[in-house]
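All ligand and atom numbering here is 1-based and tracks the order in the structure. The model shown is predicted, which means the values in this text are computed figures rather than measured ones.
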Amino acid sequence: MMNESLRQIVRAMPKAELHIHIEGSLEPELIFALAQRNGVKLSYPTVEALRAAYAFTDLQSFLDIYYAGASVLLHEQDFYDMTMAYLQRAAADQVRHAEIFFDPQTHTERGVPFATVINGIHRACQEGPISASLIMCFLRHLPEESALATLEQALPHRDKIIGVGLDSSEVGHPPEKFARVFAQCRALGLHVVAHAGEEGPPAYIASALDVLQVERIDHGVRILEDAALTARVAQAGIALTVCPLSNVKLCVFPEMGAHNLVQLLDAGLAATINSDDPAYFGGYMNANFEAAFDALPLGLAHAQRLARNSFQAAFLPPAAKQAFLAEVDTYFAQI
Ligand code: HPA
Ligand code: ZN
């Protein structure tokens, strides 16, 4: 259990969030409000009944409910409202900068135009209280052709995204499946990241690096099963965007006390703390920091390192990055 003074320090420190799926920030109350606004029928009668269904056994059991929740999003204003709610909530947790994932295929497959999705999310990012940029994720359970078509749809909006990622059902959908579309994205100058080593084996982390040439690994907690890969990723300074509450809710670890975050840091890996799908997993950034610091032997030096890692790993222009890092160091110097 961390002491109160460390809790306050962690809560108030400046931080960046690098792993947040905007559709995973859709709170049950907003799902019901949007369902009513849009005349969408939900299979749960009440907010409480929906929340009660958030008892997951693995990634797929979560994804089924997550995609159902996203079905209430139809109009540009819906995407704006969802994104603005997240940005305001993140600001309250002293998140200074967020790199936000969105899943266009979840919406275009339902007939919602790509422009509706991106314009709503992007306008909120421009008007919101914190620095924010967008990473477009491809759904790995769909064929590569669908990802290639999605990239085509994104081209007129190239200036609204900073990079691409890869999410959804990991096992059985290795990074190699998306080699061509990621090569096209890199040629466009987009940053590239991928979920790997959440439920999938360390070999998926290696192929995300070697085949997709990713700059960060999302999750990556299974990396410690491969000592050579661990040493390589640590040496290269490639960050892992770790999501503690997500990992426990999806049974990647049986309880927070069994999470390997400290071992990741001890191995020299540039781990960060993130919320993943905060409306589904029990909390936003500070809830993730508090749950990890409560259950694990993490102290003041870890807090500063995690805050620094979050800005160091961000896709920010050098001057902005240095300014945020200086803000972190000033904050810790006055403690
Ligand atoms: N893993 C894979 N896909 C996802 C996740 C995740 O944690 N969250 C939303 N889509
Ligand atoms: Zn994720």
Side-chain angles (χ1 to χ4, degrees), residues 16-27 31 53-54 56-71 73 79 82-83 86 90 98-109 117 121 134-142 146-147 150 163-175 177-178 191-201 204-205 208 212 214-223 239-253 259 261 271-285 287-288 291 310 313:
E17 172 143 60
L18 306 179
H19 187 157
I20 157 78
H21 302 262
I22 200 61
E23 294 89 349
S25 75
L26 203 48
E27 292 286 347
I31 291 179
Y54 293 0
F56 312 117
T57 50
D58 59 9
L59 175 58
Q60 193 59 50
S61 66
F62 155 68
L63 291 170
D64 293 342
I65 287 191
Y66 163 81
Y67 295 130
S71 70
L73 297 159
F79 291 92
M82 167 177 69
T83 307
Y86 163 71
E99 298 186 356
I100 299 174
F101 295 139
F102 70 111
D103 290 339
Q105 289 153 296
T106 297
H107 315 297
T108 54
E109 294 259 311
V117 177
I121 298 172
L134 295 176
I135 297 177
M136 177 174 82
C137 282
F138 301 116
L139 298 180
R140 67 203 303 159
H141 68 273
L142 296 177
S146 176
T150 301
V164 297
L166 191 60
D167 65 3
S168 190
S169 321
E170 185 182 6
V171 174
H173 302 286
K177 181 176 165 186
F178 298 92
H191 288 291
V192 290
V193 299
H195 284 52
E198 178 187 19
E199 286 188 344
Y204 284 21
I205 300 175
L212 306 184
V214 298
E215 300 160 80
R216 297 194 300 245
I217 297 285
D218 297 313
H219 293 295
V221 292
R222 287 192 60 189
I223 195 169
L240 305 186
T241 61
V242 177
C243 307
L245 285 173
S246 166
N247 291 156
V248 174
K249 288 282 182 199
L250 301 189
C251 307
V252 173
F253 297 98
H259 199 287
L261 177 63
T272 62
I273 286 184
N274 307 270
S275 71
D276 206 7
D277 300 282
Y280 291 89
F281 297 151
Y284 290 76
M285 279 291 265
N288 274 274
S310 73

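- For ligand 1 and His219, the ligand atoms under 4.0 Å from any heavy atom of the residue are 6 (C), 7 (O).
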Trace of the side-chain contact (heavy atoms from CB on, under 4.5 Å) decision for Leu134 with Ile121: CA-CA 8 Å; Leu134 295 176; Ile121 298 172; 3.5 Å; yes

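- Ligand-side atoms of ligand 1 in range of His195: 1 (N), 2 (C), 6 (C), range being under 4.0 angstrom from any heavy atom.
- The N/O atoms of Ser246, backbone and side chain alike, include none that comes under 3.5 Å of an N/O atom in ligand 1.
- One side chain, Asp103 or Tyr66, offers a donor N or O that lies under 3.5 Å from an acceptor on the other.
- Relative ring orientation between Phe101 and His19 is described as perpendicular, the plane-to-plane angle rising above 60° on a 0-90° scale split at 30° and 60°.
- Here the heavy atom of the protein found nearest to atom 1 (N) of ligand 1 is Glu198 OE1, 2.8 Å.
- Within the 2.8 Å limit, His19 places at least one N, O or S atom next to the Zn ion (ligand 2).
- At a heavy-atom cutoff of 4.0 Å, ligand 1 is contacted by no atom of Leu250, backbone or side chain.
- Among the atoms of His195, an N, O or S atom is found under 2.8 Å from the Zn ion (ligand 2).
- The nearest protein atom to atom 7 (O) of ligand 1, hydrogens excluded, is given as Asp276 OD2, 2.8 Å; this is a heavy-atom distance.
- Counting atoms of ligand 1 from 1 in the listed order, those under 4.0 Å from a heavy atom of Phe62 are 8 (N), 9 (C).
- Under a cut-off of 6.0 angstrom, the local environment of NZ in Lys177 is crowded, with over 12 non-hydrogen atoms contributed by other residues, nucleotides or ligands.
- Classification of Arg216 and Glu99 as a salt-bridged pair holds, one side-chain N sitting under 4.0 Å from a carboxylate O.
- Of the heavy atoms in Asp103, none comes closer than 4.0 Å to ligand 1.
- Classification of the His259-Phe253 ring pair by plane angle, with boundaries at 30° and 60°, yields tilted.
- No side-chain donor-acceptor contact under 3.5 Å links Glu109 and Tyr67.
- Looking only at heavy atoms of the protein, atom 5 (C) of ligand 1 is closest to His21 NE2, 3.6 Å.
- Between the side chains of Ser275 and Asn288, no donor-acceptor pair of N or O atoms lies under 3.5 Å.
- Distances from ligand 1 to the non-hydrogen atoms of Phe101 include no value under 4.0 Å.
- Side-chain atoms of Ser146 and Gln105 include a donor-acceptor pair closer than 3.5 Å.
- Looking only at N/O/S atoms, Asp276 comes nearest to the Zn ion (ligand 2) through OD1.
- Under a 4.0 Å criterion applied to the non-hydrogen atoms of Asp277, ligand 1 contributes the atoms 5 (C), 8 (N), 9 (C).
- Residue contact check for ligand 1: Ser168 places a non-hydrogen atom closer than 4.0 Å to it.
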His195 and His219: CA distance, side-chain angles, deciding distance, ring pair (Phe, Tyr, Trp, His ring centres under 6.0 Å) verdict: CA-CA 6 Å; His195 284 52; His219 293 295; 5.3 Å; yes

